[in-house]
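Please read the structure below before turning to the comments.
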Amino acid sequence: MKVTCFSDSLLDWYQHQGRKHLPWQQTQDPYRIWVSEIMLQQTQVTTVLGYYQRFMTRFPDLASLAAASLDEVLHHWAGLGYYSRARNLHRCAQQVVAEHQGAFPVHDQQLMEALPGIGPSTAAAIRAFSTGARAVILDGNVKRVVARYFAIEGWPGQSAITRLLWQKADQLTPDTRLAEYTQAIMDLGATCCTPRNPQCGSCPVQEHCQAHLQGRTDQLPTAKPGKKLPEHTRHALLLTNPAQHLLLEQRPANGIWGGLWSLPEFDEASQLQQWLEQQYPGSSLTGDVHQQLHTFSHYRLQLMIHSHQLNTDAANPGEPRAEPGYHSRPLNWYDPDTRSSIGLAAPVSRLLQARSKTS
DNA sequence: GATACGTGGAT
DNA sequence: TATCCAAGTAT
């Protein structure tokens with residue numbers, strides 16, 4: 001059968017060419033596998049390695065994660081991006097403790113998908129790796145391999161295409177050796193069937209790959225329709241007190257850098273000025289302004305950073321408080337030297353990085 | 001169904 | 001430098 005041919009060839013390739021020594025491959029513990037799968041969502045292996053090591057050292061099991069504060073979880077996630085993953089990870093840990101007696105329902109795909117941050121592909125990956133059950137994944141690697149193997153036209157972002165890819169991925173998935181197969185098809189996409197310049201010469205299924213046979217590997221899968229990123233400008237306040245602490249504001253749980261601590265941010269410079277004078281009467285801006293450019297997947301952010309140093313007799317320097325209105329979020333002074341366990345947003349970590357370089 | 005959500009690696 | 005895109009999910 002064709003199906004058997006694909007998985008057999010792939011598994012044979014995996015024996016020699018596959019990755020088998022990644023940290024999360026040395027266990028069948030659903031917790032460890034789960035953390036790795038969440039971190040690896042839309043994130044490359046090399047980026048994850050360091051984060052995973054530190055995270056597992058601090059949160060070695062589900063109970064330790066469930067008992068931790070969200071701030072500390074975000075502290076260990078800061079820099080990885082897509083922070084809803086960290087918030088959902090924390091929520092999920094508490095939910096598994098409360099509703100599943102501390103054990104992931106790895107034998108039930110639907111129950112797994114019901115957990116925060118776990119979708120169909122992640123649920124399948126956790127199940128395949130921890131139990132060896134037959135479960136079908138569809139990540140970026142598999143999409144590319146399947147789209148090429150069957151020469152499926154159309155951008156995978158369209159739901160009809162995704163549906164078809166799921167169906168084809170299911171067809172290719174064998175009934176046995178699921179842990180190996182799941183790793184193998186991801187490895188093939190990551191190291192052989194790459195987005196550009198795929199190494200078809202060393203591909204175990206090249207003889208049956210429609211894209212290869214048609215010489216169209218460079219056209220499949222169909223590229224995402226390109227669009228220009230919109231650009232936004234916002235204004236951030238870099239306020240320093242006499243102790244050289246920075247004023248940070250916790251961002252709302254939704255939106256960019258959700259739950260992380262960042263510089264107080266405003267739509268307009270005038271709003272920033274107004275807020276500053278309200279909080280610290282008699283203060284005036286130093287006039288030092290510099291820019292940070294942040295490029296996200298969906299827009300570019302020009303952040304104008306307005307620096308200001310509070311003098312000693314400024315009112316209430318230790319306890320800034322939010323006014324009701326457009327700013328009513330938690331505020332805190334942050335000491336860069338005694339790093340507390342909170343998640344710092346990119347604008348802050350970039351500032352501190354630049355600062356440590358010059359000093 | 002389309003959009004929001006981060007950051008860094010690769011080319 | 002610019003662009004793509006990565007072990008996707010939630011809304």
Side-chain angles (χ1 to χ4, degrees), chain A residues 18-19 22-25 33-52 74 77-89 91-92 112-129 135-145 155-163 165-166 169 179 182-191 193-198 218 221-230 232 251-260 262 293-301 343-347 349-350 353:
Chain A
R19 298 175 292 190
L22 297 169
W24 43 87
Q25 294 180 295
I33 294 166
W34 165 62
V35 172
S36 77
E37 290 301 328
I38 303 299
M39 284 191 173
L40 286 160
Q41 286 171 2
Q42 300 290 282
T43 310
Q44 295 185 339
V45 168
T46 52
T47 303
V48 165
L49 286 169
Y51 284 90
Y52 184 76
L74 288 171
W77 205 274
L80 249 192
Y82 284 151
Y83 299 98
S84 66
R85 293 184 296 175
R87 299 193 300 274
N88 284 332
L89 197 78
R91 256 204 318 143
C92 182
M112 289 294 287
E113 287 185 33
L115 293 168
I118 299 183
S121 192
T122 298
I126 296 170
R127 296 184 59 234
F129 289 136
V136 183
I137 66 159
L138 189 68
D139 69 346
N141 292 308
V142 179
K143 282 179 182 171
R144 187 168 53 254
V145 169
W155 175 49
Q158 298 176 304
S159 61
I161 306 300
T162 294
R163 211 161 31 242
L165 290 172
W166 271 110
T182 302
Q183 188 62 52
I185 193 165
M186 287 193 289
D187 285 0
L188 186 72
T191 68
C193 193
T194 49
R196 276 163 294 191
N197 306 319
D218 57 340
T222 304
K224 180 174 71 171
K227 55 185 175 200
K228 286 189 190 101
L229 295 181
H232 300 298
R251 300 185 62 88
N254 54 325
I256 206 82
W257 299 316
L260 300 187
S262 192
L293 174 65
H294 295 269
T295 304
F296 307 125
S297 35
H298 48 312
Y299 66 96
R300 288 150 68 94
L301 174 65
L344 296 180
S349 39
R350 195 179 290 185
Q353 195 173 19

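Reminder, nothing fancy here: chain letters follow the sequence lines and each chain counts from 1. Just so it is clear, the model here is predicted, and its values are computed rather than measured. Values below: every heavy atom of this structure, side chains too, minus hydrogens, waters and symmetry copies.
- Both distances falling under 3.5 Å, in either a Watson-Crick or a G-U wobble arrangement, occur for no nucleotide opposite B/dG1.
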Give me the distances for all protein-to-nucleotides 9-11 of chain C N/O pairs that come in under 3.5 Å?
{"residue": "C/dT9", "atom": "OP1", "partner": "A/Gly119", "partner atom": "N", "Å": "2.8"}
{"residue": "C/dT9", "atom": "OP1", "partner": "A/Gly119", "partner atom": "O", "Å": "3.2"}
{"residue": "C/dT9", "atom": "OP1", "partner": "A/Thr122", "partner atom": "N", "Å": "3.0"}
{"residue": "C/dT9", "atom": "OP1", "partner": "A/Thr122", "partner atom": "OG1", "Å": "3.0"}
{"residue": "C/dA10", "atom": "OP1", "partner": "A/Gly117", "partner atom": "N", "Å": "2.5"}

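- When the P atom of B/dA2 is taken as reference, atom NZ of A/Lys227 falls 10 Å away, rounded to whole Å.
- A/Ala346 comes within 4.0 angstrom of the backbone, heavy atoms only, and of no base.
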Which protein N or O atoms sit under 3.5 Å from an N or O of nucleotides 8-11 of chain B?
{"residue": "B/dG9", "atom": "O4'", "partner": "A/Gln44", "partner atom": "OE1", "Å": "3.0"}

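- As judged by a 4.0 angstrom heavy-atom cut-off over every strand, A/Gly255 is placed among residues touching the sugar-phosphate backbone only.
- The partner of C/dT3, taking Watson-Crick or G-U wobble pairs whose two distances both stay under 3.5 Å, is B/dA10.
- If you measure from atom NE2 of A/His298 to atom P of C/dG8, you get 18 Å, rounded to the nearest angstrom.
- Atom CD1 of A/Ile137 and atom P of C/dA7 are 10 Å apart (whole Å).
- Base contact: A/Val45 has a heavy atom under 4.0 Å from a base atom.
- At a threshold of 4.5 Å between non-hydrogen side-chain atoms, the residues A/Pro221 and A/Trp155 do not count as touching.
- Annotation: side chain of A/Leu188 is not in contact with side chain of A/Asn141 (no heavy-atom distance under 4.5 Å).
- When the P atom is compared between C/dA7 and B/dA4, the two are found 23 Å apart, to the nearest whole Å.
- In this structure, A/Tyr83 reaches the B/dT7 phosphate: one of its side-chain N or O atoms is under 4.0 Å from OP1 or OP2.
- Between C/dA6, B/dT7, C/dA7, one nucleotide has an atom nearer to the side chain of A/Trp257 than all others, and that is B/dT7.
- With values rounded to the nearest 0.5 angstrom, A/Leu229 atom CG is found 11.0 Å from A/Phe296 atom CZ.
- Put simply, the side chain of A/Trp34 reaches to within 4.5 Å of the side chain of A/Ile118, judged on heavy atoms.
- Rounded to an integer number of Å, the gap from CG of A/Asn254 to P of B/dC5 is 8 Å.
- Atom P of C/dT3 sits at a distance of 22 Å from the matching atom of B/dG6, rounded to the whole Å.
- Within the 3.5 Å criterion, the main-chain N or O of A/Ala346 finds a donor-acceptor partner in the side chain of A/Ser349.
- A/Gln183 comes within 4.0 angstrom of a nucleotide base, judged by non-hydrogen atoms across all strands.
- Atom CG in A/Leu301 sits roughly 14 Å away from atom C1' in B/dC5 (whole-Å rounding).
- Each of A/Arg163 and A/Thr295 has a nearest nucleotide on DNA chain B; the 5'-most of these lies closest to A/Arg163.
- Within the model, atoms SG of A/Cys193 and NZ of A/Lys143 stand 14.5 Å from one another, a figure rounded to the nearest 0.5 Å.
- A donor-acceptor pair under 3.5 Å links the side-chain atoms of A/Thr43 to the main chain of A/Gln41, judged by distance alone.
- Side-chain N or O atoms of A/Thr162 include one that pairs as donor or acceptor with a backbone N or O of A/Pro156 at under 3.5 Å.
- Partners of A/Gln183 under the side-chain hydrogen bond (donor to acceptor under 3.5 Å, both in side chains) rule, at least two apart in sequence or in another chain, are A/Gln25, A/Asp187.
- A straight line from NZ of A/Lys224 to P of B/dA4 spans 11 Å, rounded to a whole angstrom.
- With hydrogens and angles ignored, a donor-acceptor pair under 3.5 angstrom links the side chain of A/Arg19 to the base of C/dA7.
- Between A/Trp155 and A/Arg85, the residue anchored closer to the 5' end of DNA chain B is A/Trp155, taking for each the nucleotide with the nearest heavy atom.
- Nucleotide C/dC4 holds its P atom 13 Å from the CZ atom of A/Arg300, rounded to whole Å.
- Between the CZ atom in A/Arg85 and the CG atom in A/Leu40 there is a gap of 8.5 Å [rounded to 0.5 Å].
- Nucleotide C/dT1 holds its P atom 17 Å from the CG atom of A/Leu229, rounded to whole Å.
- Not a single donor-acceptor pair under 3.5 Å links the side chain of A/Thr122 to the backbone N or O of A/Gly119.
- At the heavy-atom level, A/Trp77 lies nowhere under 4.0 Å from the strands shown.
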